[in-house]
Amino acid sequence: MKIYISADMEGVTGATHWDEMNRNHKAYEPFQEQMSREVAAACEGAREAGADEIRVKDAHGSGRNILARLLPRGVKLIRGWSGHPYSMVQELDDSFDALLMVGYHSRAGHGGNPLSHTMSSAKVESVHINDRETSEFFLHGNIAGKHGVPLAFLSGDADLCGEARETNSGMTTHATMKGVGDSTVSIHPEESIEAIRSGVKTALEGDLSKCVWSHPESFEVKIRFNKHQGAYRASHYTGADLLDAKTVRVSMTDYDDVMRFILFVV
Ligand SMILES: [Zn+2]
């Protein structure tokens, strides 16, 4: 069994402030370690369920957060950003048996996490795909859908876990915390690590065919930027048009083109 794990940091247990997510800040280290240990727990749960090949994408900030020495031996870690449009699931393809997401967070403008954003907190107010307001979970989940890879497990804030289960009732989720305004209410970090390990094992031992998303034949993408300048610039992408000063729209049939659009305009 070949498993892909995509890991972010804003949904790691206790993550509350941007200082804690910033490698240049003193508050970062405990969260770097917690992220690494939550990913290690997902690897161990996958191994217990029979995974013999595990690829991990460090998908936060610089892409250089996870402490490789804390991962089980044999796991391959993708660090940094290649520039491939698949972004947080770089090199995901049909050969994987499941995708797992660890440390994911609520979408931009949503109250589920003090650090809510979609792809760029500096640039993006919202992203809609086929009129659904889109999180990084949904954006990258559709890549798995295109390749027929089951999205089996997600850990992150409680609101995102709710969104995940509404999107696909077959998937297993683990809520690390609940966002309340600019605060979080978290469970104990060790309890979270145990729950991720057992949740991943349960998810991968279940019926993975129920975790494959249906994949639409076409996609209308709307990105609303924080600033009108971003939308004006993006409106020059081939096929894109300006809906209003801050919003750009484009229609595509291949989901790779959706991710390519986001790569170049965000
Ligand atoms: Zn992040």
Side-chain angles (χ1 to χ4, degrees), residues 4-25 27-42 55-68 70-71 77-90 92 99-127 133-141 143-144 151 153-161 163-164 173-179 182 184 186 189 192 196 223 226 259 262-263 266:
Y4 194 110
I5 301 174
S6 175
D8 203 352
M9 202 170 192
E10 294 88 341
V12 157
T13 313
T16 306
H17 193 281
W18 285 113
D19 288 352
E20 297 163 347
M21 306 291 104
N22 177 355
R23 55 189 292 113
N24 300 316
H25 202 283
Y28 168 77
E29 258 177 51
F31 293 91
Q32 176 184 33
E33 186 180 320
Q34 183 66 19
M35 177 192 189
S36 305
R37 293 187 64 210
E38 292 187 9
V39 172
R55 191 81 53 92
V56 173
K57 170 74 184 101
D58 187 326
H60 170 74
S62 64
R64 292 178 279 115
N65 308 280
I66 294 169
L67 299 165
L70 296 183
L71 300 182
L77 175 62
I78 306 172
R79 304 183 74 235
W81 298 99
S82 67
H84 190 281
Y86 280 7
S87 188
M88 297 173 79
V89 297
Q90 170 195 333
L92 183 71
L99 169 64
L100 319 174
M101 292 175 168
V102 173
Y104 268 54
H105 53 82
S106 286
R107 65 182 179 267
H110 196 69
N113 189 318
L115 307 176
S116 294
H117 66 277
T118 307
M119 300 308 274
S120 165
S121 52
K123 293 183 187 167
V124 174
E125 189 178 305
S126 66
V127 179
E133 198 170 352
T134 299
S135 57
E136 291 171 13
F137 149 74
F138 188 67
L139 209 54
H140 294 84
I143 299 172
L151 206 180
F153 176 87
L154 175 139
S155 70
D157 62 70
D159 265 44
L160 182 67
C161 289
E163 182 188 328
T173 60
H174 164 65
T176 56
M177 60 186 171
K178 179 179 161 56
D182 205 22
T184 56
S186 295
S192 218
I196 289 169
I223 301 181
N226 288 331
M259 294 307 294
I262 290 168
L263 173 72
V266 171

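These numbers come from a predicted model, not from an experiment. Whatever order the structure lists them in is the order used to number ligands and atoms, beginning at 1.
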Check: Closest approach of Q32 and M9, non-hydrogen atoms and distance?
Finding: N-CE, 3.3 Å
Next item on the list: Could you tell me which non-hydrogen atom of K57 sits nearest to which non-hydrogen atom of G80, and how far apart they are?
Entry: NZ-O, 2.7 Å
Checklist line | CE-OG distance between M101 and S155, expressed to the nearest 0.5 angstrom | finding: 11.0 Å
Next item on the list: Looking only at non-hydrogen atoms, find the nearest pair between F31 and T13 and report the distance.
Entry: CE2-O, 3.8 Å
Checklist line | Check: S36 side chain, I66 main-chain N or O, donor-acceptor pair, under 3.5 Å | finding: no
Next item on the list: With 2.8 Å as the limit, jot down which protein N, O or S atoms are around the Zn ion (ligand 1).
Entry: D8 OD1, E10 OE1, E10 OE2, H60 ND1
Margin query: What I want to check is whether the side chains of S192 and H174 have a donor and an acceptor closer together than 3.5 Å.
Written below: yes
